Amino acid sequence: MTEELEQNEIKKQITGKEKVRKLSVKIKILFPAVILMIVLAVAIGLAAYKGISNGMVAMGVSQAEVAAKILIDSVDVELVKNLKPGDESTDAYKAQQALLGKQQDKYNVKYVYTLYTDGKNVYYGIDADTSSDGAAIGDEFEYGYEDLETVFEGEEFVQDFIDETELGQLITAYIPIIDETGNVVGVLACDYDAQGVIEQQQ
């Protein structure tokens, strides 16, 4: 009886070890597979987020372009063409400023202003901002002629990214202002407020 008990005990121990070995082998096989699945899930999630994010930015860029094209229809081309420092006090300037300000609020544009150039530097023309922060005619613009040369030559330019500035999340569109003879007499700049795009990404 004692020998039988000892043999049974030995069999149990052997069977237990085999089970442990079988479990160990399964764990060794399953562990990398689980890790791989987690990595793939994270990668797919990140790719999906990036795709959605890029889509939202593209939508914001499109909205900025549309807003700029609508606002340019409100620009008095002759006024822009003949603008000179000191005209801020004229009725024509004030009327144009008020109209751009009204359109700016309607189409989610944070800042709108016109620009002109002497071929070397770029200057502010009409600024819809009536606060003390608004630019006067002839104030030098932060970017030079080289940066906006293609726009002054007649090509539209819209940023394809959201610019995070101290003034907000902006997408800027530059549209040439063209007179009836086909000459570019200035540029309309629209800083589209992209805060809503940022919020939808979060």
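Heavy atoms only: backbone and side chains are in, while hydrogens, waters and symmetry mates are out. Treat the numbers as computed from the prediction; the structure is a model and nothing was measured.
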Problem set entry | T181 and D179: side chain donor to acceptor below 3.5 Å | yes
Original post:
With the 4.5 Å side-chain cut-off for hydrophobic clustering, are Y192 and L170 part of the same group?
Top reply: no
inquiry  = Check this for me: E142, atom CD, are more than 12 non-hydrogen atoms of other residues, nucleotides or ligands nearer than 6.0 Å?
reply    = yes
Quick check: is F141 connected to L167 through a chain of hydrophobic side chains (ILVMFWY, heavy atoms under 4.5 Å apart)? yes
Here the pair of heavy atoms bringing Q159 nearest to I171 is O-CG2, 3.5 Å
**Q.** Any side-chain heavy-atom pair of I137 and Y93 under 4.5 Å
**A.** yes
- Can you check whether V185's main-chain N or O pairs, donor with acceptor, with N183's side chain at less than 3.5 Å? no
Output for pair (Y174 OH, L115 CG), nearest 0.5 Å, gives 7.0 Å
query = Is E146 atom CD crowded by more than 12 heavy atoms from other residues, nucleotides or ligands, each under 6.0 Å away?
reply = no
The single option from F152, Y124, Y123 that satisfies ring-ring contact (aromatic ring centres under 6.0 Å, His included) with Y116 is Y123
Main-chain N/O of E149 paired to E155 side chain as donor or acceptor, under 3.5 Å: no
All heavy atoms of I72 vs all of I177, minimum pair found to be CD1-CG1, 4.1 Å
Within 6.0 angstrom of Y145 OH, more than 12 heavy atoms from elsewhere = yes
query: D191 and Y113: side-chain contact (heavy atoms from CB on, under 4.5 Å), yes or no, with the steps?
result: CA-CA 9 Å; D191 294 327; Y113 43 92; 3.2 Å; yes
Interatomic distance, CG@L71 vs CD1@I175, rounded to 0.5 Å, equals 10.0 Å
Output for pair (D105 CG, L100 CG), nearest 0.5 Å, gives 11.0 Å
Indicate, with yes or no, if I70 and V77 share a hydrophobic cluster defined by side-chain heavy-atom contacts under 4.5 Å among Ile, Leu, Val, Met, Phe, Trp and Tyr. yes
Query raised in the report: Does T90 offer a backbone N or O that forms a donor-acceptor pair with the side chain of D87 under 3.5 Å?
Result: no
**Q.** Hydrophobic cluster identity match, L79 and V75, side-chain contacts under 4.5 Å
**A.** yes
Nearest heavy-atom contact between A68 and L188 is O-CD2, 3.7 Å
Between A128 and Q97 the two heavy atoms that sit nearest each other are CA-CG, 3.9 Å
One should read off an interatomic distance between Y111 OH and D127 CG, to the nearest 0.5 angstrom, of 10.0 Å
Within the structure provided, determine whether Q103 and V112 are in side-chain contact (heavy-atom separation under 4.5 Å). no
Looking only at heavy atoms, the pair that brings V151 and P176 closest together is O-CB, 3.5 Å
Taken to the nearest 0.5 Å, the spacing of K102 NZ from Y107 OH works out to 10.0 Å
Notebook entry, point to check: Would a hydrophobic clustering, with Ile, Leu, Val, Met, Phe, Trp and Tyr connected at side-chain separations under 4.5 Å, put V158 with I178?
Noted result: no
CD of Q169 to CD1 of I162, rounded to nearest 0.5 Å, is 7.0 Å
Smallest heavy-atom separation, K110 atom then Q104 atom, equals O-NE2, 2.8 Å
K94/D91 ion pair, N-O < 4.0 Å
no
Notebook entry, point to check: V187 versus L148: any side-chain heavy-atom pair under 4.5 Å?
Noted result: no
